[in-house]
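All remarks here apply to the structure that follows.
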Amino acid sequence: MAQGDNFKRENLPTMQQLQYLMELEKLGNRRGNVAMIADICGVHHGSVSRYLKICCENGLLTKEYTFTPNGKLWLDGYKKLIGDLEVYLHNIGMAESEIPGHTKRMIENLEYHVLVNMIRSDREMRRDHSTDKKENTSKNFLSEVLEYGTYPVGFMLFRVGHPEGTQVSMANRGFERPAVLKHNKRGSWLQLSIREMSAQSRMNGEAMTGHLESLKFEQDGMLHQAEIKNGVLRIPLDACRFRKRQGGEMSGSIPITVSCSVGRVHMPESTAVLMFWL
């Protein structure tokens, strides 16, 4: 197996399967521990045995059920990832009771490298935010570059940290173009109009239609639900990070979590970065 192959999409483990391996590691990496692992995990002996044999075929375990160097690296990577995901979800304000379920879905539905890069991007964004918060997110920033009014805004939604490079999120199709930036004495918002979108099921290839149901954004270390009224979604600009481009142009970005009525069985929520520009 080439280096990195065991982290590819087709080899994604379930949380249950990761538990099998973590228990195997605790018990001493022996074939005779299969029954004990099954008992601890509350599953049938055959379920554990079948998965451990697959791990042998993929070069993660030897025939004696000891970890190979690649297997040890693979398991250690996932153990760290689980812990990092729990911290990430806690930091964005998710309720403690919801963290295990979201961690499970993210581990089982997203590639390892996507999650690692997502967490790395979040850490870098937090570090940048702490050092340049006054410059980029002050309440007076818009007043310095914009007069009061309504402005058309271009935007894109990108999947976070995709290993093959920047990828557009499916949720990008869920909004009308352009968006609108409103800046007045009462406040400043980015407004997006929701529209119906279509997708193809990854399970059976059937066409599906639906629309965005919710959007959460991070502000001051907490996760907030965006206001949706009459099909229009509003995000306060105080929550966004801004950059001044050459020539006086302005761009903004904000990490978000969206859920759609399209393909809910496959991925109830997905994480993206919303980028917009004037």
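The analysis underlying the following values was restricted to heavy atoms, covering all of them including side chains, and did not include hydrogens, waters or symmetry mates. Numbers here simply count residues along the sequence, with the first being 1.
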- Query: Considering only heavy atoms from C-beta outward, does the side chain of I194 approach that of V232 to under 4.5 Å?
  - Reply: no
- Task: Give, for atom CD1 of I228 and atom CG of L233, the distance between the pair rounded to the nearest 0.5 Å.
- Result: 4.5 Å
- Message: Quick check for you: to the nearest 0.5 Å, what is the distance between S47 atom OG and Y20 atom OH?
- Response: 5.0 Å
- How long is the span from the CE atom in M275 to the CZ atom in R241, to the nearest 0.5 Å? 9.5 Å
- Query: Hey, quick one: are M15 and V116 part of the same hydrophobic cluster, counting side-chain heavy atoms closer than 4.5 Å, chains of contacts allowed?
  - Reply: yes
- Query: Which heavy atom of V34 sits nearest a heavy atom of S49, and at what distance?
  - Reply: CG1-N, 4.1 Å
- Closest heavy-atom pair, I82 versus I107, reported as atoms and distance to 0.1 Å, is CG1-CD1, 4.0 Å
- Hey, any chance W189 and I256 share a hydrophobic cluster, counting ILVMFWY side chains that come within less than 4.5 Å of each other, even indirectly? no
- Would you say the side-chain atoms of N172 pair up with the backbone N or O of L157, donor to acceptor, closer than 3.5 Å? yes
- Does K53 come within less than 4.0 Å of E57, counting only side-chain N to carboxylate O? no
- For the residue pair S253 and F276, what are the closest heavy atoms and their distance? N-CE2, 3.9 Å
- Flag for Q219-H224: side-chain donor and acceptor within less than 3.5 Å: no
- Query: What are the two closest non-hydrogen atoms of G59 and N70, and how far apart are they?
  - Reply: O-CB, 4.3 Å
- Query: Applying the 4.5 Å side-chain criterion to the ILVMFWY set and letting contacts propagate, would L274 and L181 be lumped into a single cluster?
  - Reply: yes
- Apply side chain to side chain contact (heavy atoms under 4.5 Å, CB included) to L85 and M106, showing your working. CA-CA 9 Å; L85 275 174; M106 294 172 84; 3.9 Å; yes
- Got L75 and E25 here, is their nearest side-chain heavy-atom distance under 4.5 Å? yes
- Query: Distance-only, no hydrogens or angles: does the T66 side chain make a donor-acceptor pair with backbone N or O of T62 under 3.5 Å?
  - Reply: no
- Stepwise side chain to side chain contact (heavy atoms under 4.5 Å, CB included) test for S188 and K182: CA-CA 5 Å; S188 305; K182 288 198 171 184; over 6 Å; no
- Item | Side-chain donor or acceptor of N184 paired with backbone N/O of Y148 under 3.5 Å | no
- Message: If you compare all heavy atoms of H183 against all heavy atoms of E147, which two are closest, and at what distance to 0.1 Å?
- Response: CD2-O, 3.6 Å
- Task: Measure from the side-chain N and O atoms of T68 to the backbone N and O of L60, and report whether any donor-acceptor pair falls under 3.5 Å.
- Result: yes
- Message: For the CH2 atom of W277 and the CZ atom of F155, what is their distance to the nearest 0.5 Å?
- Response: 8.5 Å
- Query: With the threshold set at 4.0 Å, does a side-chain nitrogen-carboxylate oxygen contact exist between R173 and E196?
  - Reply: no
- Nearest 0.5 Å please: distance from the CG atom of L24 over to the CG atom of L61. 6.0 Å
- State whether D76 and K80 are salt-bridged, where the test is any N-O pair (Lys NZ or Arg NE/NH1/NH2 against Asp/Glu carboxylate O) under 4.0 Å. no
- Considering non-hydrogen atoms only, spot the tightest contact between V180 and V153 and give its length. C-CG2, 4.2 Å
- Item | Co-membership, hydrophobic cluster, residues W74 and I54, 4.5 Å side-chain | no
- side chain to side chain contact (heavy atoms under 4.5 Å, CB included) assessment of Y65 paired with C56: CA-CA 7 Å; Y65 288 177; C56 292; 3.5 Å; yes
- Is the shortest heavy-atom distance from the side chain of L52 to the side chain of L21 under 4.5 Å? yes
- Item | Point-to-point distance, once rounded to the nearest 0.5 Å, from NE2 of H102 to CZ of R105 | 5.0 Å
- Message: A cation-pi test, strictly: NZ or CZ of R195 under 6.0 Å from the centre of the six-membered ring of F175 and no more than 45 degrees from its axis. Yes or no?
- Response: no
- Is M36 atom CE crowded by more than 12 heavy atoms from other residues, nucleotides or ligands, each under 6.0 Å away? no
- I254 and side-chain contact (heavy atoms from CB on, under 4.5 Å): which partner among L237, V273, I235? I235
